[in-house]
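The structure appears below as structure tokens.
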Amino acid sequence: MDQLYSVKMRSARGGPHEAGGKHISGAERIVPAAEAAAVAGQMVLRAQGHERGRPDFINIKIEGLAGEDIRELTSLPVYTIKTGEWREGLRLAERLLELAGIKPEVARQAITCLLEGPAPGGGNMRGAVLMDVNTGCRLEPDPGRGVRAAYMDYHPSVLGELEQRLARYGLNNNHVREALCLASKVASVPSIAAELCWSDDPGYTAGYVAAAGLGYLRLEHLKEKGSERGGRVFFWDPRRGQLEETLRLLEREPCLITRLGGISSKMSFAEFEKKVNQSQSFQIS
Ligand code: WAQ
Ligand code: MG
């Protein structure tokens with residue numbers, strides 16, 4: 001691709017995020033120069049039509065990536081684990097985190113943190129909680145903003161194929177495409193052992209656990225329909241990388257997905273667990 005630009009959008013209602021406005025939505029792309037204006041325009045429209053409310057603050061940031069090394073990535077393989085109602089989903093999320101090597105008490109702490117609202121005062125954050133895998137302590141430098149994964153997208157050469165594959169499973173929507181991209185970048189950071197996420201959009205109850213050795217493990221319900229509570233936890237393993245370097249990789253290193261992982265049809269937790277135990281391709285360190 002020729003000269004690339006990062007295009008980022010964040011929107012809020014009741015003033016800018018930094019002045020206490022409520023986070024409405026965010027989005028980001030990496031695109032060739034010629035597409036930057038159109039993509040920025042689409043992001044404004046998307047922010048204005050968001051189900052979390054009409055924003056009165058929309059920030060668009062466009063930066064040239066000339067001269068930056070862009071790391072190439074493979075997207076995580078996608079699995080969907082059957083879940084009953086959201087409380088069962090949360091119990092399964094805890095067990096998936098354990099499969100990813102997270103201690104049960106730390107997994108529970110992460111779930112509780114998102115249920116209670118991780119921002120000061122109990123609201124959502126704009127970014128993610130960064131949780132120490134050993135202690136469960138939170139390490140994000142700004143607990144209102146959280147840690148933002150940024151500078152990631154699909155290379156245009158894989159986007160068509162991705163959409164086709166997702167569509168076969170009824171999964172070709174913005175939430176899945178964007179979350180899979182983010183989770184693939186986050187899981188590729190060596191010191192991130194796992195991620196837990198569910199959406200803050202009231203109509204979207206699905207969430208996931210992701211980890212490099214396991215994949216992008218979707219759970220259909222992690223919250224009650226209508227709830228605006230959502231968030232992300234990145235589990236940081238200090239033995240695998242220093243904090244500052246971890247933040248640089250998550251927040252500033254540009255990545256493009258140039259290869260696609262597979263997609264599987266729905267399975268039960270027991271089926272997934274059996275697959276993990278049998279397969280050599282699942283490797284948790
Ligand atoms: N970096 C870190 N955290 C973020 C980022 C980011 N770039 N963007 C959002 N968050 C945090 C923030 O706290 C949001 O409140 C929360 O995540 C949820 O963000 O497979 O739509 O964009 O069906 O609402 C997951 C399931 C959808 C998709 C996730 O997240 C599927 C979703 P949202
Ligand atoms: Mg959202």
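Quantities reported herein were computed from a predicted structural model and do not represent experimental measurements. Atoms within each ligand, like the ligands themselves, are counted from 1 in listed order.
- The closest side-chain donor-acceptor pair between T258 and H155, if any, does not fall under 3.5 angstrom.
- With no hydrogens or angles considered, no side-chain donor-acceptor pair links H17 and N59 at under 3.5 Å.
- With salt bridges taken as basic N to acidic carboxylate O contacts below 4.0 Å, none links K185 and E195.
- The environment of CZ in R248 is crowded: more than 12 heavy-atom neighbours from other residues, nucleotides or ligands sit within 6.0 Å.
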Assess whether side chain to side chain contact (heavy atoms under 4.5 Å, CB included) is satisfied between E253 and E68, documenting all intermediate values.
-> CA-CA 9 Å; E253 188 199 36; E68 297 210 32; over 6 Å; no
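- Residues in residues 96-113 take part in these salt bridge (Lys or Arg N to Asp or Glu O under 4.0 Å) pairs, two or more places apart or across chains: E94-R108.
- Near the Mg ion (ligand 2), less than 2.8 Å away, sit the protein N, O or S atoms D200 OD1, D201 OD1.
- Counting only residues at least two apart or in different chains, salt bridge (Lys or Arg N to Asp or Glu O under 4.0 Å) contacts with residues 142-151 comprise R145-E251.
- Salt-bridge annotation for R29 and D153: present, with a side-chain N of the basic residue lying under 4.0 Å from a carboxylate O of the acidic one.
- Aromatic ring centres of Y79 and Y216: separated by at least 6.0 Å.
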Provide, line by line, the atom pairs where ligand 1 and the protein bring an N/O atom each to a distance under 3.5 Å; else say none.
| from | atom 1 | to | atom 2 | distance (Å) |
| --- | --- | --- | --- | --- |
| ligand 1 | 1 (N) | A149 | N | 2.9 |
| ligand 1 | 3 (N) | A128 | N | 3.4 |
| ligand 1 | 7 (N) | A149 | O | 2.9 |
| ligand 1 | 8 (N) | R148 | NH1 | 3.3 |
| ligand 1 | 10 (N) | R232 | NH1 | 3.4 |
| ligand 1 | 13 (O) | M125 | O | 2.7 |
| ligand 1 | 13 (O) | G127 | O | 2.9 |
| ligand 1 | 15 (O) | M125 | O | 3.4 |
| ligand 1 | 15 (O) | D200 | OD2 | 2.7 |
| ligand 1 | 17 (O) | R232 | NH1 | 3.1 |
| ligand 1 | 19 (O) | R232 | NH1 | 3.4 |
| ligand 1 | 20 (O) | Y216 | OH | 2.6 |
| ligand 1 | 20 (O) | R218 | NE | 2.7 |
| ligand 1 | 21 (O) | S199 | OG | 3.3 |
| ligand 1 | 23 (O) | Y204 | OH | 2.6 |
| ligand 1 | 23 (O) | R218 | NE | 3.2 |
| ligand 1 | 23 (O) | R218 | NH2 | 2.8 |
| ligand 1 | 24 (O) | S199 | OG | 3.0 |
| ligand 1 | 24 (O) | D200 | N | 3.2 |
| ligand 1 | 24 (O) | D200 | OD1 | 2.6 |

